[in-house]
Number of protein chains: 2
Amino acid sequence: MTTVEPVADTRTRLLATALRLFSEHGVEGTSLQMIADELGVTKAAVYYHFKTKSEITEAVAEPGIRELDELVVEAAKHRRHGARVDHLLDGFVDLVVRHRVLVALFSSDPGIDAALAKSRHGVEGFKQALISIVAGEPEPDVTARVTAIVAFTGIAMAGGAPDLAEVDDETLRQELVGVGRRLLGRPRRRVC
Amino acid sequence: MTTVEPVADTRTRLLATALRLFSEHGVEGTSLQMIADELGVTKAAVYYHFKTKSEITEAVAEPGIRELDELVVEAAKHRRHGARVDHLLDGFVDLVVRHRVLVALFSSDPGIDAALAKSRHGVEGFKQALISIVAGEPEPDVTARVTAIVAFTGIAMAGGAPDLAEVDDETLRQELVGVGRRLLGRPRRRVC
DNA sequence: GTCTATAAAATGATAGAC
DNA sequence: GTCTATCATTTTATAGAC
C-alpha cells in the first residue's frame, strides 16, 4: 500500500464521465469533444486511451454486460421456475441499484446496441433471455411476455430515473424487489 | 371526393419516416440525410418542409404531447383518487397502443427533451404530473413513487418493444391495462 | 416542391512534438 | 500521457435554378 487515496486515473475518470454524459444526452448525442471538455483534456488525450468512440461505449457497458451475463447463467441453473425468477429478480435489482443509469441505458439507448453489435454480445439477446426465464421457454403466452417486459424495463428505467436519484441504495433495492415480485406473481416475503 | 386513395403527402410521410428512424437509431443518431434517403428525396426537399431538425422532432412528438396533456388535465378532474388513476391508466395505455414507439421515445430519448426544451412544454413535466396523480400530491412516499415510475415507464417501453410489435392493438391494450392495474393496486375489473 | 451546389461548423480520427 | 495541428467526412443549413 504505497499510495493512499490514489486519484482515479484518467481512464477510470473518462469512463465515469462518459457514462454520465451518455445518460444525459444519449450515446449518439455525446461527442468526444464533450467528454474531453468535461475531463479538462483534449480530444487527442481521449484517443490515447481508446482507439474509437465505439471502444469507449463498449468499455462503459462492459461491467453491466458481464454481470448481466453471469446473472442469467446462474439464474438458469435453478430447477424450479420460482427459484429462477427469484434469483433473476434479486440479481437484476441489485445490478440496477449498483449501476443506476447504466442498466437504464441498455434498455433505452440504440447507441449501445450499435456499439455492441460489432463485439460478441448484443444487448437484445439479454432481453430475450430475461423474458424466456420468467415467461417460460416454449411459446410463452402474451400475458407472461408483457408482464416480463414491463417489469424488467420498468425496473431498469426506474434505476436511472432522476426522480429517484436521491433514494438510498437499500431503500431502492427493497422497493424495486417489492414491485417486481408483485408484478411477476411471486409471494410476499416474510420480513426477517 | 375528387381523389380516392390519396397518396400521403410528403410532410406526412416525412414525419412517419422520421419517427421510425428515431425509434431505431434515436433522435441524435438520425441525420436529415438518413430521412431524405429513406424518403427518396434530397436534404433540400426536407428543409422545404421544416426549417430545422428540431422542428421535425417537435412535429413528430406533437400528437403525443398534445394527447398526453389532455389526458392529464381530464384525469385530474375526478374527485376520487381511484377514478383519477383509472382514467389516467386507461388513457395512457390507449395512447401507448395507438402510437406504439412514440411514447417509448418520450421515456427514453434525451433528444426529444432537447428539441422540446426550446418550445413550451418539456417531457419531464409530464412524468412529474403522472407520478403526482397516482402517487398523491403532498410528499408521496417512496413506494408510491417507485411504483408509478415502474408502471408508466414500463408500459411506455413495452409499447415500443420490438418483441411485442406483432401483438394486435386490442390484446396489447388489455394486457397493459391488466399489468398496470395490478401494479397500481386497482381492483380486477369484471369482464363485461 | 424538388433539385444542384455550397457554405460553415462539428465530428471521428491521426501524426508528431513535448 | 497530453498537447497542437491537421484531415476527411458528415452534419445542419442556405441560395438559387427548374
Side-chain angles (χ1 to χ4, degrees), chain A residues 2-3 5-61 105 109-119, chain B residues 2-3 6-61 109-119:
Chain A
T2 52
T3 54
E5 282 296 329
V7 167
D9 56 56
T10 303
R11 193 194 142 98
T12 305
R13 288 198 306 131
L14 198 161
L15 291 178
T17 301
L19 175 57
R20 205 186 70 245
L21 291 173
F22 286 173
S23 82
E24 285 170 20
H25 308 107
V27 172
E28 300 272 14
T30 302
S31 70
L32 296 179
Q33 188 68 67
M34 291 165 74
I35 296 174
D37 287 351
E38 203 79 0
L39 275 173
V41 298
T42 63
K43 269 191 297 181
V46 171
Y47 273 106
Y48 170 79
H49 295 279
F50 297 94
K51 270 199 287 290
T52 64
K53 183 183 174 181
S54 190
E55 263 192 28
I56 298 178
T57 310
E58 289 171 49
V60 165
L105 219 55
D109 200 314
I112 294 279
D113 299 73
L116 265 53
K118 303 157 191 171
S119 96
Chain B
T2 51
T3 54
V7 167
D9 56 56
T10 303
R11 193 194 142 99
T12 304
R13 286 198 308 132
L14 198 162
L15 291 178
T17 300
L19 175 57
R20 204 186 70 244
L21 291 173
F22 286 174
S23 82
E24 285 171 20
H25 309 106
V27 172
E28 301 272 12
T30 303
S31 70
L32 295 180
Q33 188 68 68
M34 291 165 74
I35 297 174
D37 288 350
E38 203 79 0
L39 275 172
V41 297
T42 63
K43 273 188 296 180
V46 171
Y47 273 108
Y48 169 80
H49 294 279
F50 297 94
K51 270 199 286 290
T52 64
K53 182 183 173 181
S54 190
E55 263 192 28
I56 298 178
T57 310
E58 289 170 49
V60 166
D109 200 314
I112 294 278
D113 299 74
L116 266 52
K118 301 158 192 172
S119 95

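In what follows, chains carry the letters A, B, and so on, assigned in the order in which the sequence lines appear, proteins first and then strands, with residues in each chain numbered from 1. Basis for what follows: all heavy atoms, side chains included, without hydrogens, waters or symmetry-related copies. These numbers were taken from a predicted model, which means no experiment stands behind them.
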**Student:** Using modelled atom types only, decide if a donor and an acceptor are shared between the side chain of B:T17 and the backbone of B:L39 within a distance under 3.5 Å.
**Tutor:**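 No.
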
**Student:** Going 5' to 3' along DNA chain C, between which two nucleotides do contacts with chain B fall, using a heavy-atom cut-off of 4.0 Å?
**Tutor:**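 Contacts span C:dG1 to C:dT4, reading 5' to 3'.
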
**Student:** Please report the distance, rounded to the nearest Å, between CD1 in B:I35 and C1' in D:dT10.
**Tutor:**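 Taking atom C1' of D:dT10 as the reference, CD1 of B:I35 is at 15 Å.
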
**Student:** Suppose we screen for side-chain contact (heavy atoms from CB on, under 4.5 Å). Which residues come up paired with B:S31, at least two apart in sequence or across chains?
**Tutor:**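 Residues passing side-chain contact (heavy atoms from CB on, under 4.5 Å) with B:S31: B:Q33, B:M34.
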
**Student:** Roughly how many Å is it from NZ in A:K53 to P in D:dT10, rounded to a whole number?
**Tutor:** 15 Å

**Student:** Looking at every heavy atom in both A:G26 and B:P110, which two are closest together, and how far apart are they?
**Tutor:** N-CG, 3.6 Å

**Student:** From CD of B:E28 over to C1' of D:dT10, roughly how many Å is that when rounded to an integer?
**Tutor:** 14 Å

**Student:** Separation of A:Y47 atom OH from D:dT6 atom P, in whole Å?
**Tutor:** 18 Å

**Student:** Please report the distance, rounded to the nearest Å, between CG in B:D37 and C1' in D:dT11.
**Tutor:** 13 Å

**Student:** Does any N or O in the side chain of A:K53 come within less than 3.5 Å of the main-chain N or O of A:A115, such that one atom is a donor and the other an acceptor?
**Tutor:** no

**Student:** Rounded to the nearest 0.5 Å, what's the gap from CZ on A:R20 to CG on A:L15? Could you check?
**Tutor:** 13.0 Å

**Student:** Both A:A44 and B:T42 contact DNA chain C. Which one's nearest nucleotide lies toward the 5' end?
**Tutor:**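 Looking at the nearest nucleotide for each, B:T42 comes out on the 5' side.
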
**Student:** Measure the spacing between CG of A:D9 and NE2 of A:H49 and express it to the nearest 0.5 Å.
**Tutor:** 8.0 Å

**Student:** Could you walk me through whether B:D109 and B:F22 pass side-chain contact (heavy atoms from CB on, under 4.5 Å), step by step?
**Tutor:** CA-CA 9 Å; B:D109 200 314; B:F22 286 174; 5.5 Å; no

**Student:** Do A:T10 and A:Y48 come close enough that some side-chain heavy atom pair is under 4.5 Å?
**Tutor:**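 No. Closest side-chain heavy atoms not under 4.5 Å.
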
**Student:** In whole angstrom, what separates A:K43's NZ from D:dA5's P?
**Tutor:** 14 Å

**Student:** To the nearest 0.5 angstrom, please state how far the OG1 atom of B:T42 sits from the CG atom of B:L32.
**Tutor:** 11.5 Å

**Student:** Where along residues 10-25 of chain B does a heavy atom come under 4.0 Å from DNA chain C, residue by residue in number order?
**Tutor:**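 Output list: B:T10.
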
**Student:** With a 4.0 Å limit, can you tell me whether B:S31 has a side-chain N or O closer than that to the phosphate oxygens OP1/OP2 of D:dT10?
**Tutor:**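 No.
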
